[in-house]
Chemist: 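This is the structure I want to talk about, given as structure tokens.
The structure presented is a predicted model; accordingly, all values stated were derived computationally and were not measured. Chain A is the first sequence line, chain B the second, and so forth, proteins listed ahead of strands; every chain is numbered from 1.
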2 protein chains.
Amino acid sequence: MCYLSYRINLVKMARYKEFNQEEVLEKAMKTFWRYGYEGTSIQNLVDNMGISRGSLYDTFGDKRSLFQKAIAHYDRTVIRQLILPLEAEAASKNAIFDCFDSLINRAVSDRDRKGCFLTNTVVELCPHDSETASQIAQNIKRVEKAFHKALIKAKDRGEIKADLDLEALASFLTSSLQGLRVISKIHCDRQMLADIVKVTLSVLD
Amino acid sequence: MCYLSYRINLVKMARYKEFNQEEVLEKAMKTFWRYGYEGTSIQNLVDNMGISRGSLYDTFGDKRSLFQKAIAHYDRTVIRQLILPLEAEAASKNAIFDCFDSLINRAVSDRDRKGCFLTNTVVELCPHDSETASQIAQNIKRVEKAFHKALIKAKDRGEIKADLDLEALASFLTSSLQGLRVISKIHCDRQMLADIVKVTLSVLD
DNA sequence: TCCTAATTGGAACGATCGTTCAAAAAATAA
DNA sequence: TTATTTTTTGAACGATCGTTCCAATTAGGA
């Protein structure tokens with residue numbers, strides 16, 4: 001079981017990796033997502049990723065480096081799926097509503113209560129790790145900009161009032177997402193989350 | 001330097017503790033608050049509390065037990081100060097505004113970016129520690145109820161519209177607090193926080 | 001003063017931490 | 001086949017983890 005896709009950039013390769021890099025990174029991401037940076041040991045990662053310590057260090061570097069690659073992977077997959085509909089040309093006020101709706105659905109169906117990997121990392125690492133902090137800040141900023149884009153389009157279409165401060169609204173929506181992520185870790189009740197979202201989005205009326 | 005206050009409940013006491021229990025608990029709280037549960041070692045606690053390992057275990061039990069006492073201490077001090085004005089008889093819409101104002105001030109002046117101890121703990125421990133989870137849930141619920149009380153009084157005084165859902169609003173305000181706490185760990189800009197709060201509290205207009 | 005009881009400080013415990021490394025295994029090139 | 005190169009595996013490293021334990025210290029009671 002060799003992944004020949006790796007062959008492309010190599011002049012000479014005596015042996016190919018037996019695992020798919022993307023697949024095991026996904027598993028690392030899920031582990032960090034659920035247990036946090038400090039709460040995850042190398043042994044946990046070895047067990048969950050299904051590769052040995054040697055392969056892990058050889059492929060992804062040390063724990064910190066692997067963590068940052070896991071964050072980047074989260075951004076490329078989960079966050080991307082969140083942002084795409086907001087940035088679509090056809091996006092409107094409804095795209096924002098859908099965004100919060102899907103948040104509720106994911107929160108309620110998430111039995112592990114992992115919350116959002118970015119939110120978790122902000123809380124755990126940002127105050128002590130400026131490098132990770134700026135990485136996360138960038139990712140969150142992209143979400144905020146996506147909200148802003150959607151708001152502009154909604155305004156152009158006359159779906160929201162013309163006198164609203166769209167920058168402030170985008171920051172508000174981003175902050176609200178974080179809040180919901182925290183709340184859903186405590187008491188994940190669909191009705192309560194829906195109530196909060198309803199009040200949140202009433203600012204667009 | 002003996003703290004004779006401890007004498008009261010003891011029939012016979014050969015030697016008194018050389019430290020004030022409340023004072024060193026405060027120091028433990030600040031350490032856990034800043035570095036989290038996993039991010040704080042017993043050695044960190046010994047260094048910051050200024051007592052030896054023996055005294056620490058004898059007085060507060062193990063790490064987990066000390067952590068829970070630290071949470072309880074946070075609730076008795078910081079959270080209490082947040083809630084009191086909301087529960088006061090004279091409380092009104094302004095009490096809610098003041099609450100968010102003081103949050104901004106504390107966030108901006110918090111050089112360590114500790115955020116809120118409860119929020120941090122929700123994110124780090126709630127999914128894996130149901131006992132701590134329910135302790136935190138109770139504390140957060142008290143904040144929500146305080147908002148609810150203030151909202152009722154504001155409604156009675158005609159400061160907010162009569163058709164608003166006060167339960168939903170209270171949940172929303174609590175969620176917003178959590179969101180602001182997370183955001184202020186990433187990028188603690190007074191103007192941005194003020195913008196978010198302005199939009200947040202516009203739901204009371 | 002001596003006895004007793006509680007506190008204190010820090011050595012020591014086994015377990016686990018993140019990381020390194022060298023030998024075994026695998027696959028290509030010659 | 002042999003030589004070469006890379007990957008894989010897991011043992012082993014020193015450091016640190018949370019916790020226990022005990023001798024030294026302190027102070028009230030007899």
Chemist: Would you jot down, in residue-number order, the residues of residues 35-52 of chain B having a non-hydrogen atom under 4.0 Å from DNA chain C?
Modeler: B/Ser52
Chemist: Where along residues 53-69 of chain B does a heavy atom come under 4.0 Å from DNA chain D, residue by residue in number order?
Modeler: B/Arg53, B/Gly54, B/Tyr57, B/Asp62, B/Lys63
Chemist: Test your reading of the model: is there a side-chain donor-acceptor pair from A/His128 to the backbone of B/Arg34, 3.5 Å cut-off?
Modeler: yes
Chemist: For the side chain of A/Ser175 and the backbone of A/Ser171, is there at least one donor-acceptor N/O pair under 3.5 Å apart?
Modeler: no
Chemist: Run the salt-bridge test on B/Asp165 and A/Lys198 with the 4.0 Å N-O cut-off and return the result as yes or no.
Modeler: no
Chemist: Any ion pair linking B/Asp58 and B/Lys17 (charged N to carboxylate O, less than 4.0 Å)?
Modeler: yes
Chemist: Between B/Asp75 and B/Arg142, is there a salt bridge with N-O shorter than 4.0 Å?
Modeler: yes
Chemist: Ignoring hydrogens and geometry, is there a side-chain-to-backbone donor-acceptor pair from A/Glu124 to A/Gly36 under 3.5 Å?
Modeler: no
Chemist: Any idea how A/Tyr37 and A/Phe32 line up, ring-wise: parallel (<30°), tilted (30 to 60°), or perpendicular (>60°)?
Modeler: parallel
